[in-house]
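For reference, the structure discussed in these notes is given below.
Throughout, a chain's letter reflects where its sequence line sits, starting with A, and its residues are numbered from 1. For the numbers below, each heavy atom of this structure counts, side chains included, while hydrogens, waters and symmetry mates do not.
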Amino acid sequence: MNNTEETRSLHFIEEIIEEDLKSGKHSGKILTRFPPEPNGYLHIGHAKSICLNFGLAQKYNGRCNLRFDDTNPLTEETEYVDSIRKDIQWLGFDWEDREFYASDYFGQLYEWAILLIKKGLAYVDDHSAEEVAESRGTPTRPGKESPFRNRSVEENLDLFIRMNKGEFPDGTKVLRAKIDMASPNMHMRDPVMYRIKHAVHHRTGNKWCIYPMYDYAHGQSDFIEGITHSICTLEFEVHRPLYDWFLDNIIDDPLVNFSRTRQYEFARLNLNYTVMSKRMLLKLVKENYVNGWDDPRMPTISGLRRRGYTPESIRDFADRVGVAKRENVIDMSLLEFCIREDLNKKAQRILTVINPLKVIIENYPEGQTEELEAVNNPEDEIMGTRHVPFSRTIYIERDDFMEDPPKKYFRLSPGNEVRLRYAYFIKCNKVIKNANGDITELRCSYDPQSKGGKSPDGRKVKGTIHWVSVQHAIETEIRLYDRLFLKEDPAEAGVNQTFIDNLNPDSLQIVKGYTEPCASEARPFDKFQFERLGYFCVDPDSDSGKLVFNRTVTLRDSWAKISSR
RNA sequence: UGCCUCGUGGUGUAAUUGGCAACACGUCUGACUCUGGAUCAGAAGAGUCCAGGUUCGAGCCCUGGCGAGGCAGCCA
């Protein structure tokens, strides 16, 4: 109860919860839920919602349920259920034994539908989908009542029961709530409660021929579980009157009604240079614009995991973006900041060259090798040190040499001494080129007195560059990623174009890298900082013969800023 | 020309019962440094969508505009 954590101002949902707690509305027990539909993989936007719902439960000593919203058998699959469970766990949240499915409640929902029919509040409509749409009107024009709206309770009961028995083909009948066809809120114009679908459901098989709609299922599912605060995104704001209408008409006990579940809406997360809609993500996967849901360029949780993001960094990000009702677009740089900050503290440093230029140190004895001591993580002393082999022929980064450097360039150039990290000072004596004039090799000399990178005479070198001994280096595959889309808002496409036209053709670049031998023991998802280059993560595509690294994010690069000016 | 929600630095989020607009990311300086990383110090950048009104005093209250997003699936 002492620091910033406690003094930080509350967001609007926390305020509501604290008021409810104070008034004793829920007897001190907060119950939230995360309700994904298992029809796709979770993305960073879901992560915001997961962190919100589970985080609120943690903060207020409550619980958070996982509930799969599986009311549409046509699009839902167990593959998605499995991926969702894995992603939530990986993020660090635990729903314990409270894994529920809307389909668990199909029986109860059916009973309540019967109740509403008996109350004269629901009816079977024989209209086709087109006719229903037609008679619903538009936002600015009221709808018209269906000719089937005033069927008797008996007839509705009979028809509804037979709908479920499978006596009618798909699309021939629906059960509708009888509310108000002239309501200014479209969702109150006799919304569909049940539709006929002779389809196999991933959990209930072919037990049911009818399936409830989201609006009819969601609030009642919340009620059944005893959810206190049902948090969803802004587009459901206009559904709230309907959410309340169903419960108002199902529950008689005013005491229960007083403390029952309420829906609150917050603004979903948007990130620039990427897309978050399931439809678009599905298209990227199905049409092979990316390599699966867990492609490291995807904003999916599985993609971010494979890219090298940590659960901690994502939770931190979710924390920093805040919770409000205003439409927002978060800068990708914030996400990158969060992963850098986390990995800076944790990642083992190693030297890796990804764009090699061969350097021969002419005055270093041929055939000689030595082991130099290197720090594993300057931010964390207990990570210790390691030995890095050095020899006469090394690779340095091609960018770390310029024959004709600009003013503030303080890496290697003719006549300019630099330090090889943890090794020696070297100077460039000769530049060797091929017939095209491309630099193919450098001849350098080293100062034996500068072993370990220290200058015996106190002379300073401005630049320190990384390197790797050619004969000891491990060759690896390195996947360099850039933003998936060229535009901040990929959905903003020109005429006859779609978001696909905004894909960045250079979002993936595969190169060879040469890394220190100590990396040979690395396992998939191990994370490293390649000094001066960025954070990299071992890809599961790696096998015993070949290491594959994904670049998670580059280091902050102030030279890039200077040189681009 | 309906209904709902929302307008605060480039971005996001704050601002007790009205009282000098704050924090973070980003940007820019400088210091330090065996990573042009990290760290440290500092700066620029909004007068709160607009116009009225109430008030000693308005980002907060009132009125009227304007703008943005959502809603017309038998999707969620």
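- Checking K451(A) against S558(A), the closest nucleotide of RNA chain B that is more toward the 5' end is the one next to K451(A).
- When Watson-Crick and G-U wobble pairs are counted only if both distances are under 3.5 Å, rA22(B) pairs with rU13(B).
- For the pair H466(A) NE2 and rU33(B) P, the interatomic distance rounds to 23 Å; values are reported in whole Å.
- Of the side-chain N and O atoms in R532(A), one or more sit less than 4.0 angstrom from OP1 or OP2 of rG36(B).
- We find that CD of E381(A) is positioned 15 Å from C1' of rA38(B), with the value rounded to whole Å.
- Across all strands shown, nothing is found opposite rU54(B) as a Watson-Crick or G-U wobble partner with both distances under 3.5 Å.
- rG2(B) is paired with rC71(B) under the criterion used here, namely a Watson-Crick or G-U wobble arrangement in which both key atom distances are under 3.5 Å.
- F148(A) and H127(A) have perpendicular rings, their planes meeting at more than 60° on a 0 to 90° scale where under 30° would count as parallel.
- One atom, CZ of R268(A), and another, P of rA68(B), lie 20 Å apart when rounded to the nearest Å.
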request  = Using a 4.0 Å cut-off on protein heavy atoms (strictly under), produce a 5'-to-3' string for nucleotides 7-14 of chain B with B for base contact, S for backbone-only sugar-phosphate contact, and - for none.
outcome  = SB--SSSS
request  = If a protein heavy atom is under 4.0 Å from the base, mark B; if only from the sugar-phosphate, S; if neither, -; do that for nucleotides 71-76 of chain B going 5' to 3'.
outcome  = SBSBSB
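- Ring orientation note: the planes of Y105(A) and F100(A) are tilted relative to one another, at an angle of 30° to 60°.
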